[in-house]
Structure formats: C-alpha cells, structure tokens
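Here the structure comes first, spelled out in structure tokens, and everything after it is commentary.
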Amino acid sequence: MVFSFRLTSRLAPFLLLMSAMVETLPAQWTVRFQSAAERLSGGAVQVKKQLAGPTEADLNLILFTSGKYDLRVISQPDRAGAVSLATKMKELGAVAGCNGGYFTPEFQPLGLEISNGARAGAFQRSSLLGGVFVVRNGRPTLMWKDEYSDLKGTTQLFQAGPRLVDAGQPVAGLEATKRRVRTFILTDQAGSWAIGTCKSVTLRELSDLLATRAVIPEIAVKRALNFDGGSSTGLWWRTEDGQEHSEREFSRVRNFLVVMPRTSGPRRSS
C-alpha cells in the first residue's frame with residue numbers, strides 16, 4: 001500500500017501533464033455521409049455533411065467564390081417590421097443568405113453595423129466580438145477586430161464572434177460544454193468562401209471541425225468566424241433550377257448576410 005501511494009504520488013505530475021495535453025488536442029472529426037452538391041446560380045454549391053466526432057453533427061454549407069457575387073448586409077432596424085430570412089431573400093432575389101450578428105434586447109446591433117452604407121451602432125473591441133465581416137470598395141474581407149480601421153469605401157459590415165479558425169488552426173480557449181445550433185462564415189483568404197450552419201456543437205467543437213481539412217476539402221480554411229446562433233440561426237438558398245430551401249430561424253433577427261447575383265465586374269477578396 002505504501003509503495004502504491006508513493007508510485008501514484010510520483011506519477012501525479014505526469015498524469016496531470018498528460019491530461020492537459022489531451023485537453024489541448026483537437027478533436028477528431030470524420031464525414032459519415034455527404035449529400036450530392038446542389039448547384040446554385042452563378043456557380044455556388046450547397047452540400048450537407050453528417051459528421052462523427054465527440055458528438056454527431058450536421059453541417060450545411062453554401063460554398064462560393066466571392067468574385068462572382070455581391071455580398072450585402074441587410075439590416076432590419078425595427079423589430080415590429082422585421083421579416084423572416086426566407087421572406088427577405090425572396091424579396092431581394094438572393095442566391096443564398098444567413099443570419100448575421102448579435103443584437104441587444106432593444107433590437108440594436110451589438111457593435112458596428114453598416115448596411116449599404118448606412119451606419120448603426122458603434123465599433124466595439126470586446127472579446128465576444130472578435131471578428132468583422134467587411135465589404136470595402138466592393139471587396140469582402142474577414143478581419144479580426146485589431147486589424148480593423150474605419151476607412152472610406154466601407155459599404156457593408158457587422159461585428160461577430162468569437163473567432164473560430166485563424167491561420168488554418170483552431171482558436172484556443174473556446175467554450176467547450178454548451179452544444180447548440182451555430183451559424184458561421186469561413187474563407188481561404190483567396191476568394192473562396194462559405195456560409196453555413198452546424199447542429200449541434202460547442203464553440204470548441206465547431207472550431208476543431210472547421211479546421212479539419214478532411215471535413216471541408218473544398219476550401220483550405222484559413223479563417224472562420226462565429227455568427228449569432230441558437231434561435232437566430234437560419235440558412236436559405238435557391239438552387240439553379242429555382243427551388244428554394246431553408247433552415248428556418250425561430251426568432252426575428254437584426255441583420256442578414258446575403259449572397260446576391262453580381263451586378264458589376266469581378267472582384268477580388270481576402
């Protein structure tokens with residue numbers, strides 16, 4: 001008994017170290033099933049994937065090249081007049097769209113919002129709002145809060161967070177216990193993008209799976225950002241043959257991110 005106690009005592013630091021190492025290792029995710037890709041107008045595609053890992057998860061992606069589309073932030077400043085994602089997408093003639101950033105109980109944007117040049121709210125540098133979706137001079141960019149500067153030419157913007165993937169790697173320190181429906185955006189910083197939803201994962205699990213190359217081989221994901229989720233999560237798309245599909249949100253939201261048919265020449269993105 002004395003020997004066993006001493007051995008355990010000597011091993012304790014090693015066991016604690018191993019436990020910490022395991023805790024920091026990214027979870028292993030695999031694709032159990034993938035639907036056939038549905039073509040959307042302009043070359044975008046929609047695909048669903050069933051994943052296996054620490055939990056089962058359903059991933060729904062709209063993949064597109066930004067140079068073929070205009071990306072717009074659509075604001076709904078009045079809760080009483082706010083409509084569903086599907087209603088707004090049909091009204092705009094959109095190709096696809098999803099819910100956007102966070103908002104206050106008074107239905108004001110949490111952080112800065114710019115919709116077609118109209119500003120609301122104010123830029124915040126809180127840890128929650130770690131990223132910024134921006135369209136400046138027609139060029140969409142996913143940047144981190146410390147990279148942002150308020151320059152001329154910004155027509156679309158909202159803040160969101162937390163960051164999920166940075167430089168192709170999962171972001172450390174994300175919440176790891178609360179599983180819920182998530183909305184996100186990702187990019188390879190070279191013109192390829194995706195908006196999507198995932199049911200139902202923690203922020204840490206979402207970070208890990210989006211950074212797993214085998215899960216999303218269609219894009220070399222460099223950056224990913226979490227949007228508002230839970231009852232706000234919604235995704236809508238229209239296939240090339242005109243059929244409309246959606247994952248319906250369960251509450252009215254302040255803004256949407258919309259993928260629109262391009263109305264001008266090709267654009268670069270990052």
Do Leu128 and Tyr102 make a side-chain contact, defined as non-hydrogen atoms from C-beta onward lying under 4.5 Å apart? yes

Can you list every salt bridge (Lys or Arg N to Asp or Glu O under 4.0 Å) pair that touches residues 166-176, not counting sequence neighbours? Arg163-Asp166, Asp166-Arg223

Treating Thr155 as the side-chain partner and Gly117 as the backbone partner, does any N or O pair qualify as donor plus acceptor under 3.5 Å? no

Is it true that Ile219 and Leu210 fall in one hydrophobic cluster, defined by side-chain heavy atoms closer than 4.5 Å? yes

Distance check, rounded to the nearest 0.5 Å: Leu40 atom CG versus Arg238 atom CZ? 10.0 Å

Residues in ring pair (Phe, Tyr, Trp, His ring centres under 6.0 Å) contact with Phe256, at least two apart in sequence or another chain: none

Qualifying salt bridge (Lys or Arg N to Asp or Glu O under 4.0 Å) pairs with a residue from residues 53-64, counting only residues at least two apart or across chains: Arg32-Glu56

What pairs with Thr104 under side-chain contact (heavy atoms from CB on, under 4.5 Å), at least two apart in sequence or on another chain? Glu106, Gln108, Leu110

Heavy-atom distance under 4.5 Å between the side chains of Pro162 and Leu203, does that happen here? yes

Got a second to check how far Arg262's CZ is from Thr65's OG1, nearest 0.5 Å? 11.0 Å

Partner set under side-chain contact (heavy atoms from CB on, under 4.5 Å) for Arg180, not counting sequence neighbours: Arg182

His245 vs Trp237 aromatic rings, parallel, tilted or perpendicular, using cut-offs 30° and 60°? parallel

Going through the checks in order, is the side chain to side chain contact (heavy atoms under 4.5 Å, CB included) test met by Ile195 and Ile185? CA-CA 4 Å; Ile195 56 174; Ile185 189 170; 4.0 Å; yes

Scan residues 171-191 for pairs that pass ring pair (Phe, Tyr, Trp, His ring centres under 6.0 Å), counting only residues two or more places apart or in two chains. none

Please walk me through it: do Glu240 and Ser41 pass side chain to side chain donor-acceptor pair (under 3.5 Å)? CA-CA 5 Å; Glu240 200 171 38; Ser41 176; over 6 Å; no

Residues Trp193, Leu186; criterion side chain to side chain contact (heavy atoms under 4.5 Å, CB included); working and verdict: CA-CA 6 Å; Trp193 293 74; Leu186 58 84; over 6 Å; no

Indicate the atoms forming the closest heavy-atom contact of Ala37 with Val45, along with that distance. CB-CB, 4.3 Å

Would you say the side-chain atoms of Ser115 pair up with the backbone N or O of Val73, donor to acceptor, closer than 3.5 Å? yes

For Leu225 and Trp144, run side chain to side chain contact (heavy atoms under 4.5 Å, CB included): C-alpha distance rounded to whole Å, both residues' side-chain angles, the deciding distance at 0.1 Å, then the answer. CA-CA 9 Å; Leu225 181 67; Trp144 303 146; 4.2 Å; yes

Between Ala194 and Leu63 the two heavy atoms that sit nearest each other are CB-CD2, 4.1 Å

Mind listing the closest non-hydrogen atom pair of Leu209 and Cys198 along with its distance? CD2-SG, 4.0 Å

Within the distance-only criterion (no hydrogens, no angle test), does the side chain of Thr187 pair as donor or acceptor with the backbone N or O of Gln189 below 3.5 angstrom? yes

One should read off an interatomic distance between Leu142 CG and Glu147 CD, to the nearest 0.5 angstrom, of 9.0 Å

For Gly234, does its backbone N or O pair with a side-chain atom of Asn99 as donor and acceptor, under 3.5 Å? yes

Side chain to side chain donor-acceptor pair (under 3.5 Å) filter on Thr87, not counting sequence neighbours, yields Ser84

Heavy atoms, side chains only, cut-off 4.5 Å: are Asp188 and Val221 in contact? no

Ignoring hydrogens and geometry, is there a side-chain-to-backbone donor-acceptor pair from Thr154 to Asp150 under 3.5 Å? no

Any donor-acceptor N/O pair, Ser207 side chain to Val171 backbone, under 3.5 Å: yes

In one Ile/Leu/Val/Met/Phe/Trp/Tyr side-chain cluster, 4.5 Å: Leu92, Phe64: no

Those residues that, when tested against Val181, pass side-chain contact (heavy atoms from CB on, under 4.5 Å) (two or more places apart): Lys199, Ser200, Thr233

Test of ring centre spacing under 6.0 Å for Phe227 and Phe158: yes

What pairs meet the salt bridge (Lys or Arg N to Asp or Glu O under 4.0 Å) rule with one or both residues in residues 248-260, with sequence neighbours excluded? Glu113-Arg254

Applying side chain to side chain contact (heavy atoms under 4.5 Å, CB included), run through Val258 and Met89 and close with a yes or a no. CA-CA 8 Å; Val258 184; Met89 298 304 97; 3.4 Å; yes

If you define the side chain from C-beta out and look only at heavy atoms, does anything of Val95 sit under 4.5 Å from Pro261? yes

Side-chain heavy atoms nearer than 4.5 Å, only ILVMFWY residues, links allowed to pass through others: does that put Leu61 and Trp236 together? no

Do Leu206 and Ile216 land in one hydrophobic cluster if side-chain heavy atoms of ILVMFWY residues count as linked below 4.5 Å? yes

Closest heavy-atom pair and its distance - Gln156, Leu71: CG-O, 3.6 Å

So Val259 and Lys68, do their side chains get closer than 4.5 Å, heavy atoms only? no

Return yes if some donor-acceptor pair links the side-chain N/O of Tyr69 with the main-chain N/O of Ala96 below 3.5 Å, else return no. no

For Gly97 and Leu85, the nearest pair of non-hydrogen atoms, with its separation, is O-CD2, 3.8 Å

If hydrophobic residues (ILVMFWY) are linked whenever their side-chain heavy atoms come closer than 4.5 Å, directly or via other members, who joins Met143 in its cluster? Leu112, Ile114, Phe123, Val132, Val134, Tyr148, Leu157

Closest contact, heavy atoms only, Gly101 versus Asp228: O-CB, 3.7 Å

Sequence-distant partners of Gln34, side-chain contact (heavy atoms from CB on, under 4.5 Å), two or more places apart: Val31, Val47, Lys49, Glu218

Quick one: does Arg72's side chain get under 4.5 Å of Asn116's, heavy atoms only? yes

For the residue pair Leu129 and Lys145, establish whether any side-chain heavy-atom pair is separated by less than 4.5 Å. no

Whether Asp70 side chain and Met260 backbone form a donor-acceptor pair below 3.5 Å: no

Compare all side-chain heavy atoms of Trp29 with those of Val201 and state whether any distance is below 4.5 angstrom. yes

Return the set of residues passing side chain to side chain donor-acceptor pair (under 3.5 Å) with Arg125 (not counting sequence neighbours), or none when no residue passes. none

Are Arg179 and Thr202 close enough, and set up right, to give a side chain to side chain donor-acceptor pair (under 3.5 Å), and what steps lead you there? CA-CA 4 Å; Arg179 289 189 172 123; Thr202 68; 5.6 Å; no

Judged by atom type as modelled, is there a donor-acceptor pair below 3.5 Å linking the side chain of Asn60 to the main-chain atoms of Leu235? no

